[in-house]
Amino acid sequence: MSLQECYEGLNTNYPLVKQRAILDSQKEAELSAITAKTLPQFNLNAQATYQSDVTEVPLPNTGIEPLNNDQYRATLTANQLIFNGGKIKATQGLQNIATDRKKQEVEVNLYQLKQRVNQLYFSILLIDDQTVLLNVREQQLQSKLKEVKSGIENGVLLPTSDKVIEAELLKILQQKQEAVNNKSKLITSLSALIGVSISAETEFQKPLVSMNESSELNRPELGLYSLQKQEIEQQQNLLSKSLVPELNGFATGGYGNPGLNMLKNDFTSYYIVGLKLNWNVFDWNGNKKQRQALDYSKELIDNQEEVFKLNTNTALNEQLKEIETLENTIDIDQQLMVLQQEVVATSESQLKHGVITTSEYVTELTKLHETENVFNQHKTQLELAKANYNILKGDTK
(Lines give C-alpha, C1' and ligand atoms only; values in the text may rest on other atoms or scores of the structure.)
Protein backbone atom coordinates (compact mmCIF):
# COMPACT_ATOMS: atom_id res chain seq x y z
CA MET A 1 0.00 0.00 0.00
CA SER A 2 1.27 3.46 -0.90
CA LEU A 3 0.62 6.83 0.70
CA GLN A 4 -1.13 8.01 -2.47
CA GLU A 5 -3.51 5.04 -2.28
CA CYS A 6 -4.39 6.10 1.25
CA TYR A 7 -5.19 9.62 0.01
CA GLU A 8 -7.38 8.17 -2.74
CA GLY A 9 -9.17 5.92 -0.25
CA LEU A 10 -9.86 8.92 1.97
CA ASN A 11 -11.29 10.90 -0.96
CA THR A 12 -13.45 7.96 -2.05
CA ASN A 13 -14.63 6.17 1.07
CA TYR A 14 -14.72 8.59 3.99
CA PRO A 15 -18.38 9.04 5.11
CA LEU A 16 -18.20 12.78 4.45
CA VAL A 17 -17.86 12.03 0.71
CA LYS A 18 -21.53 11.01 0.59
CA GLN A 19 -22.44 14.67 1.02
CA ARG A 20 -21.32 15.37 -2.56
CA ALA A 21 -24.16 13.28 -4.04
CA ILE A 22 -26.63 14.57 -1.44
CA LEU A 23 -25.78 18.17 -2.30
CA ASP A 24 -26.21 17.48 -6.03
CA SER A 25 -29.65 15.96 -5.40
CA GLN A 26 -30.57 18.87 -3.16
CA LYS A 27 -29.53 21.34 -5.87
CA GLU A 28 -31.66 19.60 -8.50
CA ALA A 29 -34.68 19.74 -6.19
CA GLU A 30 -34.09 23.43 -5.43
CA LEU A 31 -33.65 24.31 -9.11
CA SER A 32 -36.84 22.44 -10.00
CA ALA A 33 -38.72 24.40 -7.35
CA ILE A 34 -37.35 27.68 -8.70
CA THR A 35 -38.18 26.75 -12.30
CA ALA A 36 -41.73 25.88 -11.25
CA LYS A 37 -42.30 29.58 -10.52
CA THR A 38 -42.18 30.28 -14.27
CA LEU A 39 -45.14 27.95 -14.87
CA PRO A 40 -48.80 28.96 -14.44
CA GLN A 41 -49.91 29.00 -10.81
CA PHE A 42 -53.47 27.90 -10.04
CA ASN A 43 -55.48 28.86 -6.98
CA LEU A 44 -58.91 27.49 -6.12
CA ASN A 45 -61.10 29.41 -3.69
CA ALA A 46 -64.61 28.67 -2.50
CA GLN A 47 -66.73 30.33 0.14
CA ALA A 48 -70.28 30.36 1.46
CA THR A 49 -71.46 33.25 3.64
CA TYR A 50 -74.55 34.51 5.39
CA GLN A 51 -74.86 38.29 5.71
CA SER A 52 -77.03 40.16 8.19
CA ASP A 53 -77.78 42.75 5.52
CA VAL A 54 -77.46 43.09 1.75
CA THR A 55 -77.44 45.90 -0.78
CA GLU A 56 -80.90 46.94 -2.02
CA VAL A 57 -82.06 49.42 -4.69
CA PRO A 58 -83.92 52.13 -2.76
CA LEU A 59 -86.40 52.78 -5.58
CA PRO A 60 -89.88 51.22 -5.50
CA ASN A 61 -91.37 49.21 -8.35
CA THR A 62 -88.06 48.65 -10.13
CA GLY A 63 -88.52 44.90 -10.31
CA ILE A 64 -85.00 44.39 -8.95
CA GLU A 65 -85.00 41.82 -6.21
CA PRO A 66 -82.62 42.27 -3.30
CA LEU A 67 -79.71 39.85 -2.99
CA ASN A 68 -79.99 36.79 -0.81
CA ASN A 69 -78.50 36.93 2.62
CA ASP A 70 -76.76 33.61 1.89
CA GLN A 71 -74.17 33.99 -0.85
CA TYR A 72 -71.85 31.50 -2.59
CA ARG A 73 -68.74 31.87 -4.69
CA ALA A 74 -66.14 29.52 -6.20
CA THR A 75 -63.22 30.79 -8.29
CA LEU A 76 -60.24 29.29 -10.09
CA THR A 77 -57.43 31.77 -10.77
CA ALA A 78 -54.44 31.22 -13.02
CA ASN A 79 -51.38 33.50 -12.63
CA GLN A 80 -48.57 33.55 -15.19
CA LEU A 81 -45.29 35.35 -14.64
CA ILE A 82 -44.49 37.42 -17.72
CA PHE A 83 -41.51 39.53 -16.63
CA ASN A 84 -39.51 39.93 -13.43
CA GLY A 85 -36.20 41.34 -14.65
CA GLY A 86 -34.28 38.04 -14.53
CA LYS A 87 -34.90 37.29 -10.83
CA ILE A 88 -35.61 33.61 -11.59
CA LYS A 89 -32.33 33.19 -13.45
CA ALA A 90 -30.43 35.05 -10.74
CA THR A 91 -31.98 32.82 -8.06
CA GLN A 92 -30.94 29.72 -10.01
CA GLY A 93 -27.41 31.11 -10.31
CA LEU A 94 -27.32 31.71 -6.55
CA GLN A 95 -28.43 28.13 -5.90
CA ASN A 96 -25.69 26.74 -8.18
CA ILE A 97 -22.99 28.78 -6.43
CA ALA A 98 -24.33 27.88 -2.97
CA THR A 99 -24.12 24.19 -3.84
CA ASP A 100 -20.58 24.58 -5.19
CA ARG A 101 -19.62 26.37 -1.98
CA LYS A 102 -21.05 23.58 0.20
CA LYS A 103 -19.25 20.94 -1.88
CA GLN A 104 -16.01 22.89 -1.53
CA GLU A 105 -16.50 22.88 2.24
CA VAL A 106 -16.60 19.08 2.02
CA GLU A 107 -13.33 19.13 0.06
CA VAL A 108 -11.73 21.36 2.71
CA ASN A 109 -12.77 19.01 5.52
CA LEU A 110 -11.50 15.98 3.59
CA TYR A 111 -8.20 17.68 2.79
CA GLN A 112 -7.57 18.53 6.43
CA LEU A 113 -7.77 14.80 7.26
CA LYS A 114 -4.71 14.12 5.09
CA GLN A 115 -2.35 15.15 7.87
CA ARG A 116 -3.98 12.49 10.04
CA VAL A 117 -3.36 9.96 7.25
CA ASN A 118 0.28 11.08 7.12
CA GLN A 119 0.72 10.64 10.85
CA LEU A 120 -0.73 7.12 10.86
CA TYR A 121 1.09 6.01 7.70
CA PHE A 122 4.55 7.19 8.76
CA SER A 123 4.06 5.85 12.29
CA ILE A 124 3.50 2.43 10.73
CA LEU A 125 6.67 2.85 8.65
CA LEU A 126 8.61 3.77 11.78
CA ILE A 127 7.43 0.63 13.56
CA ASP A 128 8.41 -1.45 10.52
CA ASP A 129 11.91 0.04 10.65
CA GLN A 130 12.17 -0.64 14.36
CA THR A 131 11.05 -4.24 13.82
CA VAL A 132 13.71 -4.78 11.15
CA LEU A 133 16.40 -3.49 13.51
CA LEU A 134 15.09 -5.65 16.35
CA ASN A 135 15.30 -8.71 14.09
CA VAL A 136 18.85 -7.86 13.06
CA ARG A 137 19.87 -7.28 16.67
CA GLU A 138 18.20 -10.55 17.69
CA GLN A 139 20.20 -12.44 15.07
CA GLN A 140 23.41 -10.78 16.23
CA LEU A 141 22.73 -11.72 19.85
CA GLN A 142 21.71 -15.29 18.95
CA SER A 143 24.98 -15.71 17.08
CA LYS A 144 26.93 -14.13 19.94
CA LEU A 145 25.12 -16.35 22.46
CA LYS A 146 26.51 -19.44 20.75
CA GLU A 147 30.04 -18.02 20.88
CA VAL A 148 29.65 -17.09 24.56
CA LYS A 149 28.38 -20.55 25.52
CA SER A 150 31.33 -22.05 23.69
CA GLY A 151 33.64 -19.71 25.61
CA ILE A 152 32.02 -20.75 28.90
CA GLU A 153 32.51 -24.42 28.09
CA ASN A 154 36.18 -23.79 27.30
CA GLY A 155 36.64 -21.77 30.47
CA VAL A 156 37.44 -18.54 28.65
CA LEU A 157 34.33 -16.68 29.88
CA LEU A 158 32.53 -16.53 33.21
CA PRO A 159 29.68 -19.03 33.70
CA THR A 160 26.98 -16.30 33.86
CA SER A 161 28.09 -14.49 30.71
CA ASP A 162 25.34 -16.09 28.63
CA LYS A 163 22.61 -14.90 31.04
CA VAL A 164 23.22 -11.26 30.05
CA ILE A 165 22.57 -12.04 26.39
CA GLU A 166 19.55 -14.20 27.19
CA ALA A 167 18.05 -11.32 29.23
CA GLU A 168 18.65 -8.97 26.30
CA LEU A 169 16.91 -11.41 23.94
CA LEU A 170 13.87 -11.44 26.21
CA LYS A 171 13.79 -7.64 26.10
CA ILE A 172 13.86 -7.80 22.29
CA LEU A 173 10.97 -10.27 22.30
CA GLN A 174 9.01 -7.91 24.50
CA GLN A 175 9.75 -4.94 22.23
CA LYS A 176 8.70 -6.91 19.14
CA GLN A 177 5.37 -7.82 20.77
CA GLU A 178 4.78 -4.18 21.66
CA ALA A 179 5.60 -3.19 18.08
CA VAL A 180 3.07 -5.71 16.70
CA ASN A 181 0.36 -4.42 19.03
CA ASN A 182 1.08 -0.76 18.24
CA LYS A 183 1.14 -1.44 14.51
CA SER A 184 -2.19 -3.27 14.74
CA LYS A 185 -3.77 -0.25 16.44
CA LEU A 186 -2.38 2.12 13.80
CA ILE A 187 -3.57 -0.09 10.93
CA THR A 188 -7.06 -0.26 12.44
CA SER A 189 -7.21 3.54 12.69
CA LEU A 190 -5.86 4.03 9.17
CA SER A 191 -8.26 1.44 7.74
CA ALA A 192 -11.24 3.15 9.36
CA LEU A 193 -10.10 6.55 8.08
CA ILE A 194 -9.61 5.59 4.42
CA GLY A 195 -12.36 2.95 4.25
CA VAL A 196 -10.04 0.21 2.99
CA SER A 197 -9.49 -3.18 4.63
CA ILE A 198 -5.82 -3.55 5.60
CA SER A 199 -4.33 -6.82 6.85
CA ALA A 200 -1.43 -7.07 9.27
CA GLU A 201 0.68 -8.56 6.45
CA THR A 202 0.25 -5.52 4.20
CA GLU A 203 3.55 -4.02 3.08
CA PHE A 204 3.66 -0.22 3.32
CA GLN A 205 5.79 1.45 0.69
CA LYS A 206 8.30 4.07 1.78
CA PRO A 207 7.51 7.21 -0.22
CA LEU A 208 10.28 9.44 -1.50
CA VAL A 209 8.50 12.75 -1.11
CA SER A 210 9.45 15.54 -3.47
CA MET A 211 8.70 19.20 -2.77
CA ASN A 212 8.15 22.24 -4.94
CA GLU A 213 9.12 25.21 -2.82
CA SER A 214 8.46 27.78 -5.56
CA SER A 215 4.85 26.86 -6.34
CA GLU A 216 1.93 29.00 -5.17
CA LEU A 217 -0.54 27.90 -2.53
CA ASN A 218 -3.08 25.49 -3.95
CA ARG A 219 -5.19 24.80 -0.87
CA PRO A 220 -8.92 24.02 -1.24
CA GLU A 221 -9.60 26.74 1.34
CA LEU A 222 -8.66 29.34 -1.29
CA GLY A 223 -11.30 27.91 -3.62
CA LEU A 224 -13.80 28.11 -0.76
CA TYR A 225 -13.02 31.79 -0.16
CA SER A 226 -13.50 32.47 -3.88
CA LEU A 227 -16.88 30.71 -3.94
CA GLN A 228 -18.01 32.54 -0.80
CA LYS A 229 -17.29 35.86 -2.52
CA GLN A 230 -19.04 34.71 -5.70
CA GLU A 231 -22.07 33.76 -3.62
CA ILE A 232 -22.17 37.23 -2.07
CA GLU A 233 -21.86 38.88 -5.49
CA GLN A 234 -24.77 36.78 -6.75
CA GLN A 235 -26.81 37.79 -3.70
CA GLN A 236 -26.11 41.43 -4.57
CA ASN A 237 -27.15 40.75 -8.16
CA LEU A 238 -30.41 39.22 -6.95
CA LEU A 239 -31.07 42.19 -4.67
CA SER A 240 -30.55 44.64 -7.55
CA LYS A 241 -33.08 42.72 -9.64
CA SER A 242 -35.67 42.93 -6.87
CA LEU A 243 -35.96 46.65 -7.75
CA VAL A 244 -37.22 45.75 -11.23
CA PRO A 245 -41.03 45.74 -11.70
CA GLU A 246 -42.75 42.37 -11.93
CA LEU A 247 -45.49 41.81 -14.49
CA ASN A 248 -48.00 38.96 -14.19
CA GLY A 249 -50.98 37.94 -16.29
CA PHE A 250 -53.99 36.42 -14.61
CA ALA A 251 -57.34 34.85 -15.49
CA THR A 252 -60.11 34.06 -13.03
CA GLY A 253 -63.12 31.91 -13.73
CA GLY A 254 -65.93 31.80 -11.21
CA TYR A 255 -69.40 30.54 -10.39
CA GLY A 256 -71.62 31.91 -7.69
CA ASN A 257 -74.54 33.91 -6.45
CA PRO A 258 -74.19 36.75 -7.01
CA GLY A 259 -71.86 36.88 -9.97
CA LEU A 260 -70.21 39.99 -11.33
CA ASN A 261 -73.66 41.52 -11.95
CA MET A 262 -74.66 42.46 -8.44
CA LEU A 263 -78.20 43.21 -9.59
CA LYS A 264 -78.82 39.67 -10.78
CA ASN A 265 -79.89 37.49 -7.88
CA ASP A 266 -79.07 34.11 -9.40
CA PHE A 267 -76.24 31.58 -9.77
CA THR A 268 -74.10 32.53 -12.76
CA SER A 269 -70.64 31.90 -14.18
CA TYR A 270 -68.14 34.66 -15.00
CA TYR A 271 -64.49 35.33 -15.78
CA ILE A 272 -61.91 38.09 -15.42
CA VAL A 273 -58.63 38.44 -17.31
CA GLY A 274 -55.96 41.07 -16.87
CA LEU A 275 -52.42 42.14 -16.11
CA LYS A 276 -50.90 43.01 -12.76
CA LEU A 277 -47.78 45.11 -12.20
CA ASN A 278 -45.88 45.09 -8.91
CA TRP A 279 -43.13 47.65 -8.38
CA ASN A 280 -41.65 48.84 -5.14
CA VAL A 281 -40.71 52.30 -6.33
CA PHE A 282 -39.35 53.52 -2.99
CA ASP A 283 -37.92 51.40 -0.16
CA TRP A 284 -36.06 54.05 1.87
CA ASN A 285 -32.74 52.80 0.45
CA GLY A 286 -33.24 49.45 2.19
CA ASN A 287 -32.07 47.51 -0.86
CA LYS A 288 -28.97 49.67 -1.23
CA LYS A 289 -28.08 49.21 2.44
CA GLN A 290 -28.45 45.45 2.14
CA ARG A 291 -26.02 45.42 -0.77
CA GLN A 292 -23.59 47.59 1.22
CA ALA A 293 -23.78 45.12 4.10
CA LEU A 294 -22.87 42.34 1.66
CA ASP A 295 -19.84 44.40 0.56
CA TYR A 296 -18.64 44.32 4.16
CA SER A 297 -19.15 40.55 4.18
CA LYS A 298 -16.85 40.32 1.15
CA GLU A 299 -14.24 42.41 2.97
CA LEU A 300 -14.44 40.03 5.92
CA ILE A 301 -13.80 37.07 3.63
CA ASP A 302 -10.87 38.91 2.01
CA ASN A 303 -9.47 39.44 5.50
CA GLN A 304 -9.97 35.74 6.41
CA GLU A 305 -8.17 34.76 3.21
CA GLU A 306 -5.30 37.13 4.00
CA VAL A 307 -4.97 35.68 7.52
CA PHE A 308 -5.11 32.13 6.16
CA LYS A 309 -2.33 32.82 3.66
CA LEU A 310 -0.18 34.49 6.32
CA ASN A 311 -0.60 31.60 8.78
CA THR A 312 -0.03 29.00 6.08
CA ASN A 313 3.13 30.68 4.79
CA THR A 314 4.41 30.97 8.36
CA ALA A 315 3.74 27.26 8.89
CA LEU A 316 5.50 26.47 5.60
CA ASN A 317 8.60 28.40 6.67
CA GLU A 318 8.62 26.56 9.99
CA GLN A 319 8.25 23.26 8.15
CA LEU A 320 11.19 24.11 5.89
CA LYS A 321 13.31 24.86 8.96
CA GLU A 322 12.31 21.52 10.47
CA ILE A 323 13.24 19.74 7.22
CA GLU A 324 16.61 21.49 7.16
CA THR A 325 17.23 20.56 10.81
CA LEU A 326 16.34 16.91 10.18
CA GLU A 327 18.65 16.73 7.15
CA ASN A 328 21.56 18.05 9.24
CA THR A 329 20.67 15.68 12.08
CA ILE A 330 20.64 12.69 9.71
CA ASP A 331 24.17 13.57 8.53
CA ILE A 332 25.36 13.49 12.15
CA ASP A 333 23.42 10.23 12.77
CA GLN A 334 25.33 8.58 9.94
CA GLN A 335 28.68 9.66 11.41
CA LEU A 336 27.63 8.40 14.85
CA MET A 337 26.63 5.03 13.40
CA VAL A 338 30.02 4.60 11.72
CA LEU A 339 31.82 5.40 14.97
CA GLN A 340 29.60 3.12 17.04
CA GLN A 341 30.02 0.28 14.54
CA GLU A 342 33.78 0.57 15.03
CA VAL A 343 33.32 0.52 18.80
CA VAL A 344 31.15 -2.61 18.59
CA ALA A 345 33.67 -4.33 16.32
CA THR A 346 36.41 -3.57 18.87
CA SER A 347 34.22 -4.76 21.76
CA GLU A 348 33.46 -7.99 19.90
CA SER A 349 37.16 -8.70 19.51
CA GLN A 350 37.81 -7.86 23.17
CA LEU A 351 34.97 -10.17 24.27
CA LYS A 352 36.47 -13.08 22.33
CA HIS A 353 39.77 -12.60 24.15
CA GLY A 354 38.13 -12.14 27.54
CA VAL A 355 39.26 -8.53 27.89
CA ILE A 356 35.72 -7.23 28.58
CA THR A 357 32.59 -8.78 30.01
CA THR A 358 29.47 -9.74 28.11
CA SER A 359 27.59 -6.88 29.79
CA GLU A 360 30.07 -4.35 28.42
CA TYR A 361 29.71 -5.80 24.94
CA VAL A 362 25.89 -5.77 25.12
CA THR A 363 26.01 -2.15 26.29
CA GLU A 364 27.95 -1.10 23.20
CA LEU A 365 25.69 -3.17 20.94
CA THR A 366 22.64 -1.51 22.52
CA LYS A 367 24.15 1.91 21.83
CA LEU A 368 24.56 0.94 18.18
CA HIS A 369 20.96 -0.28 18.06
CA GLU A 370 19.73 2.98 19.59
CA THR A 371 21.81 5.03 17.14
CA GLU A 372 20.36 3.09 14.20
CA ASN A 373 16.87 3.52 15.63
CA VAL A 374 17.32 7.26 15.93
CA PHE A 375 18.71 7.39 12.39
CA ASN A 376 15.66 5.56 10.98
CA GLN A 377 13.33 7.67 13.09
CA HIS A 378 14.86 10.88 11.75
CA LYS A 379 14.63 9.59 8.16
CA THR A 380 10.94 8.79 8.61
CA GLN A 381 10.35 12.15 10.31
CA LEU A 382 12.04 13.84 7.34
CA GLU A 383 9.68 12.20 4.84
CA LEU A 384 6.72 13.00 7.10
CA ALA A 385 7.84 16.63 7.31
CA LYS A 386 8.07 16.78 3.51
CA ALA A 387 4.62 15.18 3.13
CA ASN A 388 3.15 17.66 5.63
CA TYR A 389 4.85 20.49 3.76
CA ASN A 390 3.11 19.40 0.55
CA ILE A 391 -0.22 19.26 2.36
CA LEU A 392 0.32 22.76 3.76
CA LYS A 393 1.19 23.91 0.24
CA GLY A 394 -1.71 22.09 -1.40
CA ASP A 395 0.53 19.96 -3.61
CA THR A 396 -1.28 16.66 -3.01
CA LYS A 397 -4.05 15.15 -5.12
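The basis for the numbers below is simple: all heavy atoms, side chains too, and nothing from hydrogens, waters or symmetry mates.
Ring-plane geometry between Tyr72 and Phe267 is classed as parallel, the angle between the planes falling under 30 degrees on a 0 to 90 degree scale with a further cut at 60. Between Phe204 and Tyr121, the ring planes are perpendicular. Angles over 60° get that label, and only those under 30° would be called parallel.
The distance from atom CG of Asn96 to atom OG1 of Thr91, rounded to the nearest 0.5 Å, is 11.0 Å. Rounding to the nearest 0.5 angstrom, the gap separating the CZ atom in Arg20 from the NZ atom in Lys103 is 8.5 Å. The distance from atom OG1 of Thr312 to atom CG of Asn317, rounded to the nearest 0.5 Å, is 11.0 Å. To the nearest 0.5 angstrom, Lys289 atom NZ is 10.0 Å from Trp284 atom CH2. Atom CG in Asn313 sits 5.0 Å away from atom CG in Leu217 (nearest 0.5 Å). If you take CD on Glu107 and CG on Leu16, they are separated by 8.5 Å, rounding to the nearest 0.5 Å.
Contact annotation: the side chain of Leu125 approaches that of Pro207 to within less than 4.5 Å [non-hydrogen atoms, C-beta and beyond]. Residues Leu239 and Leu294 meet the side-chain proximity criterion, which asks for heavy atoms closer than 4.5 Å.
For Ser349, the side-chain contact (heavy atoms from CB on, under 4.5 Å) partners are His353, not counting sequence neighbours. A search for ring-ring contact (aromatic ring centres under 6.0 Å, His included) contacts involving Tyr50 returns nothing, not counting sequence neighbours. With sequence neighbours excluded, the residues that form a side-chain contact (heavy atoms from CB on, under 4.5 Å) with Thr131 are Ile127, Asn135, Ala179. Tyr389 meets the ring-ring contact (aromatic ring centres under 6.0 Å, His included) test with no other residue; sequence neighbours excluded. By the salt bridge (Lys or Arg N to Asp or Glu O under 4.0 Å) test, Lys288 pairs with no residue at all, sequence neighbours left out.
Inspection of the Thr314 and Glu318 side chains reveals no N or O donor paired with an N or O acceptor under 3.5 Å. No donor-acceptor contact under 3.5 angstrom links the side chains of Asp395 and Asn218, judged on distance only. Side-chain atoms of Asn248 and Glu246 form a donor-acceptor pair, as typed in the model, at a separation below 3.5 Å. Residues Thr49 and Arg73 have side chains that never bring a donor and an acceptor to within less than 3.5 angstrom of each other. Under 3.5 Å, the side chains of Asn287 and Ser242 contain a donor-acceptor pair of N or O atoms.
When all heavy atoms are compared, the tightest approach of Gly256 to Tyr270 is N-CE2, 4.3 Å. Pairing each heavy atom of Leu134 with each of Gln175, the nearest pair is CD2-OE1, 2.9 Å. Closest of all the heavy-atom pairs between Lys183 and Ile124 is CE-CG2, 3.9 Å. Summarising the geometry of Asn118 relative to Leu3, their closest heavy-atom pair is OD1-CD1, 3.6 Å, with the distance given to 0.1 Å. For the pair Cys6 and Leu190, the tightest heavy-atom approach, listed with the atom from each and the gap, is SG-CD2, 4.1 Å. Of all heavy-atom pairs spanning Leu81 and Leu247, the tightest one is CD1-O, 3.8 Å.
Lys144 and Glu147 are joined by a salt bridge, as a carboxylate oxygen and a charged side-chain nitrogen come within less than 4.0 angstrom of each other. Comment: Asp302 engages Lys229 in a salt bridge, judged by a side-chain N to carboxylate O separation of less than 4.0 angstrom. Taking 4.0 Å as the cut-off between side-chain N and carboxylate O, Lys206 and Asp129 count as a salt-bridged pair. A salt bridge does not link Lys102 to Glu105: none of the charged nitrogens lies less than 4.0 Å from a carboxylate oxygen. Salt bridge Asp100/Lys27: absent, no basic N to carboxylate O contact under 4.0 Å.
Val54 belongs to a hydrophobic cluster whose remaining members, ordered by chain and number, are Leu67, Met262; membership requires side-chain heavy atoms of ILVMFWY residues under 4.5 Å apart, directly or through intermediates.
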Inset, instruction - Take Ser143 and Gln139 through the test side-chain hydrogen bond (donor to acceptor under 3.5 Å, both in side chains) and record every step on the way to the result. - result: CA-CA 6 Å; Ser143 175; Gln139 291 174 1; over 6 Å; no
Inset, instruction - Go through the steps to decide whether Lys309 and Glu305 satisfy the test side-chain contact (heavy atoms from CB on, under 4.5 Å), and finish with yes or no. - result: CA-CA 6 Å; Lys309 287 181 176 178; Glu305 184 176 3; 3.7 Å; yes
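Shown here is Tyr14, whose OH atom has no more than 12 heavy atoms of other residues, nucleotides or ligands within 6.0 Å.
Put simply, the side chain of Ser150 never gets that close to the backbone of Lys146: no donor and acceptor are under 3.5 Å apart. In terms of modelled atom types and a separation under 3.5 Å, the side chain of Gln234 and the main chain of Ala90 share a donor-acceptor contact.
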